[in-house]
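First the structure, in the form of structure tokens, and then the observations on it.
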Amino acid sequence: EMSGVIEALGDGVADLVVGQKVVVRPLEPDLDCPASRAGYPHISHNLKFLGLDTDGAMQEVWTVPAHTIHVLPDDMRMDHAALIEPVAVACHDVRLSGLQPGEDVVVIGGGPIGILCAMVARDAGGKVLVSEVNAARLAIAQKLGFDTVNPVETDLQALVNERTGNKGADVVFEVSGTQPGVDAMTAVAATRGRIVMVAIHAQKPQIDLFQFFWRELKLIGARVYEPEDYEKAIAIVASGGVDADTVITDVSPLRDIQQAFEALDSSPNALKSLIKVGDL
């Protein structure tokens, strides 16, 4: 998750210019695998993540393949641009959901990706309710203008039914990574509702498959992003559809990176912590 400025170009690189503001879509697919040949290189069988399987952006100069570069508007703030990668995750999730303007949306889990899914869904015209148990994250969602609910204190299914005339949510994003979240996703979904599995679950959850039969629900897996999601994310951040200043909860210099990680791990109020590398 980074933003930067092109310092130099390799031989044969076209359509890019030194000095351009850019972000990196950090995927290096295996183009010979069946998924890539079918048109899905973003989830290729042997996908490599730049920054996980290779060195990443926490250094002053980072060499990456030209195909991973997306150029930013000249006037985009670099701290806001550092959010493009996680916003692209949310753009991918919302795009795969098929969300239409005016549809009812429930986001289960109000962490960083859940909040971004909520903002992108709202930008697409959805009527969004955020379900979260953490009081600090509920406060952030409320600050961003979302209707919220703590499902420990309030019956989520009853509230959704009340809000939708007993219809249920047209689109549900499961972003909590918990069994209660999985239980809730089928309970609140409308007939032929679409459930997008965003979270990575540490253990295999139990899923109420009867509800998929009874209401003809659709379960959609969503992983990372495609180039069009990056371009959409750039446009949303540039337009203010994502409240970047609220999502960015702190910025630390590279020399304080250890303290920044420790603070992030212990802070209930943190969403996105940035590390400032260099003087940009």
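Start at 1 with the first residue, then count along the sequence. Note: hydrogens, waters and symmetry copies are ignored here, and every other heavy atom, side chains too, is used. Predicted model only: the values in this text are computed from it and were never measured.
- Within the 4.5 Å cutoff, no side-chain heavy atoms of Val13 are placed close to those of Asp11.
- Remark: side-chain polar atoms of Thr164 are paired, donor with acceptor, to backbone N or O of Val160 under 3.5 angstrom.
- Closest heavy-atom contact between Gly102 and Lys127: O-CE, 3.0 Å.
- Although no hydrogens or angles enter the test, the distance criterion places a donor-acceptor pair under 3.5 Å between the side chain of Asp170 and the main chain of Asp104.
- The OG atom of Ser252 lies 10.0 Å from the CZ atom of Phe261; values are rounded to the nearest 0.5 Å.
- Side-chain heavy atoms closer than 4.5 Å link hydrophobic residues (I, L, V, M, F, W, Y) into clusters, and following such links, possibly through other members, connects Val94 to Tyr230.
- Put simply, the side chain of Arg192 never gets that close to the backbone of Glu216: no donor and acceptor are under 3.5 Å apart.
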Verify side chain to side chain contact (heavy atoms under 4.5 Å, CB included) between His70 and Val22, making sure each step is shown before the conclusion. CA-CA 6 Å; His70 289 260; Val22 298; over 6 Å; no
Does the pair Gln59 and Asp55 meet the rule for a side-chain hydrogen bond (donor to acceptor under 3.5 Å, both in side chains), with working shown? CA-CA 9 Å; Gln59 53 185 324; Asp55 290 340; 5.0 Å; no
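- Put simply, the side chain of Thr68 gets close to the backbone of Pro65: a donor and an acceptor are under 3.5 Å apart.
- Rounding to the nearest 0.5 angstrom, the gap separating the CZ atom in Arg137 from the CG atom in Asn269 is 10.0 Å.
- A donor-acceptor contact shorter than 3.5 Å is absent between the side chain of Glu153 and the backbone of Asn150.
- Under the 4.5 Å side-chain criterion, counting only non-hydrogen atoms from C-beta, Leu52 is not in contact with Thr54.
- Ile69 has its side chain within reach of Leu16: a pair of non-hydrogen atoms, C-beta onward, lies under 4.5 Å apart.
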From CA spacing to verdict: salt bridge (Lys or Arg N to Asp or Glu O under 4.0 Å), Arg163, Asp147: CA-CA 11 Å; Arg163 287 168 56 95; Asp147 292 337; 2.9 Å; yes
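- Taking 4.5 Å as the limit, some side-chain heavy atom of Glu174 sits within range of a side-chain heavy atom of Ser176.
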Please walk me through it: do Met185 and Met197 pass side chain to side chain contact (heavy atoms under 4.5 Å, CB included)? CA-CA 9 Å; Met185 73 184 190; Met197 182 60 72; 3.8 Å; yes
Is there a side-chain hydrogen bond (donor to acceptor under 3.5 Å, both in side chains) between His67 and Glu28 once you walk through the steps? CA-CA 9 Å; His67 71 82; Glu28 188 62 65; 3.2 Å; yes
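- The two residues Asp229 and Ala88 make their nearest non-hydrogen contact at CB-O, 3.7 Å.
- Counting only heavy atoms from C-beta outward, the side chains of Leu217 and Ile195 approach each other to under 4.5 Å.
- Just one of Val172, Thr178, Val182 meets the side-chain contact (heavy atoms from CB on, under 4.5 Å) condition when paired with Ile108; it is Val172.
- For the pair Arg194 (side chain) and Ile220 (backbone), a donor-acceptor distance under 3.5 Å is absent.
- In this structure the side chain of Asp30 never reaches within 4.5 angstrom of the side chain of His45, judged on heavy atoms.
- Distance CD1/Ile113 to SG/Cys117: 6.5 Å, rounded to 0.5 Å.
- Interatomic distance, CD of Gln157 versus CG of Asp183, reported as 11.0 Å (0.5 Å rounding).
- Val106 is not connected to Val133 by any chain of hydrophobic side-chain contacts under 4.5 Å among Ile, Leu, Val, Met, Phe, Trp and Tyr, and they are in different clusters.
- A single hydrophobic cluster is not seen to contain both Leu116 and Leu138; linkage of ILVMFWY side chains at heavy-atom distances under 4.5 Å, directly or through other members, places them apart.
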Output, in order, the C-alpha distance, side-chain angles, deciding distance and verdict of salt bridge (Lys or Arg N to Asp or Glu O under 4.0 Å) for Arg77 and Asp245. CA-CA 11 Å; Arg77 285 173 45 178; Asp245 286 328; 3.4 Å; yes
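- In this structure, Arg37 has no side-chain hydrogen bond (donor to acceptor under 3.5 Å, both in side chains) partners at least two apart in sequence or on a different chain.
- A pairwise comparison of heavy atoms in Leu264 and Ala270 identifies CD1-CB, 3.6 Å as the closest pair.
- The main-chain N or O of Gln259 is never found under 3.5 Å from a side-chain atom of Asp256 such that the two would form a donor-acceptor pair.
- Using a 4.0 Å cut-off between a side-chain N of Lys or Arg and a carboxylate O of Asp or Glu, Arg25 and Glu226 do not qualify as a salt bridge.
- Hydrophobic cluster of Leu31: no remaining members, since no ILVMFWY side chain lies below 4.5 Å from it.
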Pair Ile236, Val120 - check side chain to side chain contact (heavy atoms under 4.5 Å, CB included), show working. CA-CA 8 Å; Ile236 289 178; Val120 173; 4.1 Å; yes
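- Of all the heavy atoms in Ala121 and Leu99, the pair that sits closest is O-CD2, 3.5 Å.
- Within the model, atoms CG of Asp250 and OG of Ser267 stand 7.0 Å from one another, a figure rounded to the nearest 0.5 Å.
- Of all heavy-atom pairs between Ser44 and Cys33, the closest is CB-SG, 3.4 Å.
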Would you check, one step at a time, whether the test side chain to side chain contact (heavy atoms under 4.5 Å, CB included) holds for Phe212 with Ile207? CA-CA 9 Å; Phe212 284 85; Ile207 300 175; 3.7 Å; yes
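- Closest approach of Leu156 and Ser131 over heavy atoms only: CD2-OG, 3.8 Å.
- A donor-acceptor pair is defined here as one N or O able to donate and one able to accept, closer than 3.5 Å; such a pair exists between the side chain of Gln20 and the backbone of Val17.
- Summarising the local packing, CD of Gln142 is surrounded by more than 12 heavy atoms from other residues, nucleotides or ligands at distances under 6.0 Å.
- Residues forming a ring pair (Phe, Tyr, Trp, His ring centres under 6.0 Å) with His80 (at least two apart in sequence, or on another chain): none.
- Within a 6.0 Å sphere centred on CD of Glu262, heavy atoms belonging to other residues, nucleotides or ligands number more than 12.
- To the nearest 0.5 Å, the span separating CG on Leu271 from CG on Leu83 amounts to 10.0 Å.
- The backbone N or O of His201 lies less than 3.5 Å from no partner atom in the side chain of Gln203, so there is not a single donor-acceptor pair.
- For the side-chain hydrogen bond (donor to acceptor under 3.5 Å, both in side chains) criterion with Tyr225, the lone passing option out of His92, Glu85, Arg95 is Glu85.
- Between Glu1 and Leu274 the shortest side-chain heavy-atom distance does not fall below 4.5 Å.
- Counting only heavy atoms from C-beta outward, the side chains of Asp93 and Phe173 approach each other to under 4.5 Å.
- Val87 and Val251 fall within the same hydrophobic cluster, where Ile, Leu, Val, Met, Phe, Trp and Tyr residues are linked whenever their side-chain heavy atoms come under 4.5 Å apart, directly or through other members.
- In the hydrophobic cluster analysis, where Ile, Leu, Val, Met, Phe, Trp and Tyr join through side-chain heavy atoms closer than 4.5 angstrom, Leu159 is grouped together with Val188.
- Results of the side-chain contact (heavy atoms from CB on, under 4.5 Å) test with Met2 over Leu50, Ile84, Val64, Val24 single out Val24 as the only residue that passes.
- Residue Lys218 places its NZ atom among 12 or fewer non-hydrogen atoms of other residues, nucleotides or ligands, all under 6.0 Å distant.
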